[in-house]
Number of protein chains: 2
Amino acid sequence: MSALTNAIDILRCFSTSRPDLSFADVQVLTGKPKSSTSRLLRSLRDCGLLEQDPHTRRYRPGLLTFELGRLHRAHDDLLATAERELRDVCARTGHTGYIAVLDGYQQVVLRIVPGSNPLRVVNPPGQRTPAIVTSNGRAMLARLSDQDIRARVPLDYPKVPANSPQNFTELMARLNEIRRTGVSDAADEAIEGVGSQGFALASGESGELIGIAISYSVQATTELERANVRRELGAMAGKLRRMTGDPLGQTIEQLTGLAS
Amino acid sequence: MSALTNAIDILRCFSTSRPDLSFADVQVLTGKPKSSTSRLLRSLRDCGLLEQDPHTRRYRPGLLTFELGRLHRAHDDLLATAERELRDVCARTGHTGYIAVLDGYQQVVLRIVPGSNPLRVVNPPGQRTPAIVTSNGRAMLARLSDQDIRARVPLDYPKVPANSPQNFTELMARLNEIRRTGVSDAADEAIEGVGSQGFALASGESGELIGIAISYSVQATTELERANVRRELGAMAGKLRRMTGDPLGQTIEQLTGLAS
DNA sequence: CCGTTTGTTCCATTTTTTGGAACGTAGTCC
DNA sequence: GGACTACGTTCCAAAAAATGGAACAAACGG
């Protein structure tokens, strides 16, 4: 196990729910000996990937991660185009929009467009969620080959909310439905009382894949309003697919030529 | 030189002006052999610190940096308090506000509060600038011990705009003036036609140091208006110092007990 | 003052990393 | 088609760094 791997293992301990960690936290989370933890934390701190609060002595992501994070996909055409369109739709519908990417079987929120409706924003950018419990997450998965999906979902199928697919078979059934109808939605899954509809968008030239969703309160919306969201999303999807040259028929593997 | 150091050297090649890099770029910028560059880039990509555009094959900061960057100082009290106050002042004056931190002899923009005046925002968050050419940068330096300042400024004094201190002696004269008067300003330095006034704020309990500035167009403001900014900043500084327990008399080294 | 918690330093052993060179792989020009 | 070049990857023995158990140190608490 390389030094870099160990460093990354430490960095991956940080999350929205654990934005800072003590020496002991890190030691427990990584399961490494004290000496290794000590040396690695110092290295990470010295190089700017972590900072240490001089008072509490706790560690947190450092200035360098902030700088690099600002650079991440700053110039991404697919993302920028999608965000522009999403803003329009959110302004019209008043609901909150999300754009996320896949990482393994999880999705990470990249952009959020707050709506005018007073639904509190629950998933800030950077938030990780199993892709199998969200509308846009499943929409993204549905674009992958069955083989790739199988490889991504842990053998020990994760514990998910009642309305989400409870096992791999249910998941595949749901994904096949998305593939057939082109529509993906969710209700009362990741968050109680919150529903969403989403779709996946691939770039024809780069093969990048993003998931776009509109999120709303299930109680505060009528079926009519949700149908309106479906229409808006369908229109946005169509427009974006034309703009980005999304080759709907192909899986992402075929696009990028990778058999991961 | 450790593997981590080499990895960081690569990461530090990315910047606002160079948000993505090719293999060759990295090789030139780091001066490492091809084989090392190849292996290191692959490791960084595999662990999520970098991503590679499947089409152009260029590298850019990865998903992990985005996630960690979102976590950086998310919970920082000093920063949040300062930002709140700065928002008020910016709303009242219409000018643009900046909050930055020191890193070596450079500053990095952490937060920006756009004003209502149509001065284009030139320094996005994450931007690095020599601290010696900005009002808040110099205000931060002025809070350090002379010894620390000497250690931070490169022996080969950087090339700076005409209105900035041209050598170490001029810099120290300017910093001593800030120490004496408590006022730091800049005009036509980092950006032509742009002026700013700033101050540094230290947290009494953590010893953290941030620099706060209000920035405006020199042409579009009167001396009266600039005096108003000075008053506003003075009031904000006083209020924030009381709120955060800023021990003005002490250098940051004395505060944190470090003789870096 | 003693026991605990928390973290750092030491050092012989093990494991990576290193970088020159050989080896692909396209693309290009004649 | 074939030589040439730009761009990268893989190999391998030498060199350097990481490892982790144990001793050590510092701060805290009662």
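All chains are named by letter (A, B, ...) in the order of the sequence lines, taking the proteins before the strands, and each is independently numbered beginning at 1.
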Legend entry - Pair Gln107(A)-Thr134(A), side-chain donor/acceptor within less than 3.5 Å: yes
Inset, instruction - Mind calculating the distance between CZ (Arg57(B)) and C1' (dA26(C)) to the nearest angstrom? - result: 11 Å
Inset, instruction - Return the 5'-most residue of the pair Thr37(A), Leu40(B) with respect to DNA chain C, ranking by each residue's nearest nucleotide. - result: Thr37(A)
Legend entry - Short side-chain donor-acceptor distance under 3.5 Å, Thr244(B) and Asp246(B): no
Legend entry - dT19(D) OP1/OP2 closer than 4.0 Å to side-chain N/O of Ser35(A): no
Legend entry - Under-4.0 Å side-chain N/O to phosphate OP1/OP2 contact, Ser38(B) with dT9(D): yes
Legend entry - Length of the NE2-C1' vector between His55(A) and dA27(D), whole Å: 14 Å
Inset, instruction - For Lys34(B) and dA22(C), give me the distance from atom NZ to atom C1', rounded to whole Å. - result: 10 Å
Inset, instruction - Could you check how far CZ of Arg39(B) sits from C1' of dA21(C), rounded to whole Å? - result: 13 Å
Inset, instruction - Find which nucleotide of DNA chain C each of Gln52(A) and Ser2(A) is nearest to by heavy atoms, and output the residue with the more 5' nucleotide. - result: Gln52(A)
Legend entry - Polar side-chain atom of Gln106(B) near backbone of Arg128(B) as donor-acceptor pair, under 3.5 Å: no
Legend entry - Interatomic distance where CG belongs to Leu44(B) and P belongs to dG8(D) [whole Å]: 16 Å
Inset, instruction - May I ask you to evaluate whether Asn6(A) reaches the phosphate of dT19(D), defined as a side-chain N or O under 4.0 Å from OP1 or OP2? - result: yes
Legend entry - Listed nucleotide nearest any side-chain atom of Phe23(A), set dG20(D), dG19(C), dT8(C): dT8(C)
Legend entry - Other residues, nucleotides, ligands: >12 heavy atoms within 6.0 Å of Arg179(B) CZ: yes
Inset, instruction - Take the protein atom CG of Leu4(A) and the nucleotide atom C1' of dT15(C), then report the distance between them rounded to whole Å. - result: 15 Å
Legend entry - Interatomic distance, Leu21(A) CG vs dT6(C) C1' [rounded to whole Å]: 16 Å
Inset, instruction - May I ask you to evaluate whether Arg42(A) reaches the phosphate of dT9(C), defined as a side-chain N or O under 4.0 Å from OP1 or OP2? - result: yes
Inset, instruction - In whole angstrom, give the distance that lies between atom NZ of Lys32(A) and atom P of dT15(C). - result: 12 Å
Legend entry - Pi-cation contact, Phe168(B) with Arg150(B) (under 6.0 Å, within 45°): yes
